[in-house]
Amino acid sequence: MTRALVLAAHGSRREPAANALVRRLAETVRTRRLFDEIAVAFHQGEPRFETVLDELMADEVTVVPFLTSAGHYCEVVLPEALARNRRYPGIRLRQTPPVGDHSGIAPLVAGRVREIMRDRNIPRGSASLAVVGHGTRRHPESRDCTLRLVETLRRRRVAGEVLAAFIDDDPPLQALLDTASLPHVIVVPFLIGGGPHVSEDIPRILELSQESGVRSREATGSVSRLQTADSRSVSIDHPLGSYPGLVEIVIDLARRHAPPPAPRFRPRLGRAQPRQGTVHLVGAGPGDPGLITSRGLDLLREADVVIHDRLIGSELLGEARNDAVLIDAGKGPGYAPYSQAEINALLVEHAGLALTVVRLKGGDPFVFGRGSEEAVACTQAGVRVEIVPGVSSAIAGPAAAGIPVTARGVSRSFAVVTAQQAEGHADLSGLAGVDTLVVLMGLARLGPIAEQLIAAGRDPATPAACIQSASTPDQRVTRASLSTIAAAADRDGLQSPVVIVIGEVAGLNVGGTAGRQGSIDSVWRSLE
C-alpha cells in the first residue's frame, strides 16, 4: 500500500513565484520521507487539480488545501476538480481542512510578530497589529477564518491592539491607518503566495489611504516599511505562505486526516449470524486518535452504527466503514441533541435490528461517561453489551503535560473528581487533603473550587495546572498557584475540555507526550 500527499493551491499564471513557493514547501516535506509520493496541484498552473491524481501511483492520497480559509475554492472548486481525475474512483482519498484554519497558525503569527517587534525595538503595547486577508463579499467563509485568527491574537494580547482588514471586503484596508491608534503598525498579510497583493497592492492602498499621505517607503529584507506623515511607522511583513513553520502544519493536517485503511474482512468460521445485535461501549481515549486500544479500533472499523461523543475527532471517525451510520450524540455546554434516555433508546433500537453498534465515548466509558447507565439500559432490554476500556483523560491529560499524578516523595495518592453532579455543583472541600486532585469538567467553576480548597486548609501557593485538549494538536497548558489558577486560565482563554491538576506534582514537568505543543505554549508565555 502506497501513500501520497498533494498540496493543492490556488496558484497564479501571472506570478510564477507563488507557485514556486508551494513547490519549495513540497520539497521540504519530501525530505521528511513520510510519503511515497508528494505532488503539487494548482487551480491556475500545472499540474491542475483535474489531472494531479492521474499522475500518481499511490492507493491512498491525502490532499491538503494550501489555502488560508474554507470557502468556494476549498469546498467546491477543489473537490469537483479532483473528482474529474480518471483515477478518482479507484483510490482512497481524503481532503483535509485548509492550512489557514489550523490551530497552529495563531502561534506561528504570534512568533513572527514578536520577531518583528524585537528587530525594530517596538514595545508590544505601542503596536497595532493588522491581519490583512483577501476577503470576498460572495463567500463569507473566506473572511471568517481571518476574523477568528484576529480574535485569537487579540485574546492573547499579542500587540497593543489587533485589527482585521481586507483587500476586497469590510473593514477595508483603505481605512486601516485611520483605525489604528498606536505609533507602530505591523501588517501581516494573511495570504499564501501574496504576489502583487503584498509587493504592490497593500503598500499602494496604505499610501493612498490618508489625506496626509506617506512620507517614505523602503524595503528591508522581507519587510516593507512606510513612514506616515503623522510620524507613525508601518511594517508590512511577507505573506503567511512563506513562513517556515507551515511545513509542520501541513504534516500535522496530513497525519490527522489520513485516508481510512482498506477494509479488512475477517471470516467468522463456524459462527451463525446473531439475530440480536451487540452494543460495544468503547473508550476512545483522551483525544489523540492513536490512543484508542487496538480492540476498540477493530470494533469501530467493523461497526454498522457508531454513536459518538462531541469530542471524537474526524480522524478517528474516518476509520468507520463508508456505509456505517454515524450519529453525533455528544453533549456540550448548553447543547444536548439527545437526552441520556434517548441515547439509551438509540442503542437498544439499533441493536434490535441485528446491527453491530459501537458507542464511542471519550476517555473511558466508566469514568464520568455515564457508560454504566447505558450498559444497564441495554442489559435490561436483553441486548448484549461489551465494555472496551479506554485511556482516561484523568490520567492521560496530566501525563501529556509532563505531570505525573503520583511521584515518589511528592505524591502517593490521587483522587479524580467531577465538578458537576446531577443535583448541581460538587463540593470538593472534603478532598483538600489528597496529595493530587484531578478535576474533570471544572473549568467554569475553577474559581469557586480553588476557594473551597483554600478555605478547607489547602495552601494557596499549591501548584496547579490546566490542560486543554490534552494529547491533541490543540493542547495548551496553563500553570499557576491554586490561588491564581482561575485568573490564569481566564487570561489564557482556555476552553473546554480542560483537565485540572492540583497538588505538588503540578509543579513538575517530566516531559509530556505532546512535545510540539509545548513549543507553541512557549510562544504564548513569552508574550505575557
Side-chain angles (χ1 to χ4, degrees), residues 68-70 97-117 122-133 135 140-166 171 176 179-182 184-190 237 240 243 245 249 311 332-334 401 442-447 464-470 472-480 484-500 514 516-528:
T68 53
S69 65
V99 165
D101 214 14
H102 190 277
S103 60
I105 291 293
L108 203 62
V109 172
R112 177 57 185 162
V113 171
R114 182 164 57 100
E115 290 179 9
I116 296 174
M117 290 179 178
I122 298 174
R124 177 163 54 116
S126 67
S128 299
L129 170 62
V131 178
V132 178
E141 297 92 341
S142 67
R143 65 179 278 115
D144 290 346
C145 190
T146 303
L147 296 178
R148 285 195 299 272
L149 174 60
V150 166
E151 181 56 34
T152 300
L153 296 171
R154 183 180 294 143
R155 193 169 62 242
R156 304 301 174 203
R157 298 193 292 275
V158 172
E161 64 179 357
V162 184
L163 308 169
F166 295 94
L176 173 61
T179 304
S181 61
L182 298 175
H184 303 278
V185 180
I186 299 174
V187 176
V188 172
F190 190 42
D237 194 23
L240 175 86
Y243 288 13
I249 288 177
L311 297 176
L443 180 62
R445 298 199 65 249
L446 186 50
C466 292
I467 305 102
Q468 172 187 295
S469 302
T472 75
D474 296 326
Q475 175 174 312
R476 294 182 56 238
V477 181
T478 292
R479 297 175 187 259
T484 61
I485 187 64
D490 182 65
R491 174 202 67 201
D492 289 351
L494 296 190
Q495 299 178 351
S496 296
V498 167
V499 177
I500 302 165
R516 191 176 65 82
Q517 288 306 117
S519 63
I520 292 177
D521 289 339
S522 67
V523 172
W524 295 127
R525 286 197 297 272
S526 68
L527 295 173
E528 296 301 334

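Side chains are part of it too, since the values below use all heavy atoms of this structure and drop only hydrogens, waters and symmetry mates. Worth saying up front: this structure is predicted, and the values here are computed from it rather than measured.
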> Do the charged groups of Arg148 and Glu151 touch, with an N to O distance under 4.0 Å?
Replying inline: no
> Just how far is it from atom CG of Asp490 to atom CZ of Arg155, taken to the nearest 0.5 Å?
Replying inline: 10.5 Å
>> Pair Leu163, Val131 - check side-chain contact (heavy atoms from CB on, under 4.5 Å), show working.
In response: CA-CA 6 Å; Leu163 308 169; Val131 178; over 6 Å; no
> Which pair of non-hydrogen atoms, one from Arg124 and one from Met117, has the smallest distance, and what is that distance?
Replying inline: CA-SD, 3.9 Å
>> Looking at every non-hydrogen atom in both residues, tell me the closest pair between Val477 and Ala401 and how far apart they are.
In response: CG2-CB, 3.8 Å
> Can you tell me how far CG of Leu494 sits from OG of Ser469, rounded to the nearest 0.5 angstrom?
Replying inline: 9.0 Å
> What do the steps show when you test Asp237 against Ile116 for side-chain contact (heavy atoms from CB on, under 4.5 Å), and what is the final call?
Replying inline: CA-CA 9 Å; Asp237 194 23; Ile116 296 174; 3.8 Å; yes
>> Would you compute the distance between atom OG of Ser69 and atom CZ of Arg143 and round it to the nearest 0.5 angstrom?
In response: 11.5 Å
>> So which atom in Ser496 and which in Leu443 form the shortest heavy-atom distance, rounded to 0.1 Å?
In response: N-CD2, 3.8 Å
> Which atom pair, heavy atoms only, marks the closest approach of Ile105 to Gly100?
Replying inline: CG1-O, 3.8 Å
> Can Leu176 and Val187 be said to form a side-chain contact (heavy atoms from CB on, under 4.5 Å), step by step?
Replying inline: CA-CA 10 Å; Leu176 173 61; Val187 176; 4.1 Å; yes
> Which heavy-atom pair separates Asp474 from Gln468 by the least distance, and what is that distance?
Replying inline: O-NE2, 3.7 Å
> So, for Ala488 and Ala480, which heavy atoms are closest and what is the spacing to 0.1 Å?
Replying inline: CB-CB, 4.0 Å
>> As an exercise, state the distance from CZ of Phe190 to CG of Leu147, rounded to the nearest 0.5 Å.
In response: 10.0 Å
> Between CZ of Arg445 and CD1 of Ile500, what distance do you get to the nearest 0.5 Å?
Replying inline: 10.0 Å
> Does the side chain of Pro171 come within less than 4.5 Å of Thr179's, by heavy atoms?
Replying inline: no
>> Between Ser128 and Glu161, do the side chains contain a donor N or O and an acceptor N or O under 3.5 Å apart?
In response: yes
>> As a quick check of understanding, evaluate side-chain contact (heavy atoms from CB on, under 4.5 Å) for Tyr243 and Val188, giving each step before the final call.
In response: CA-CA 11 Å; Tyr243 288 13; Val188 172; 3.6 Å; yes
> At what distance, to the nearest 0.5 angstrom, does CZ of Arg476 lie from OG of Ser103?
Replying inline: 10.0 Å
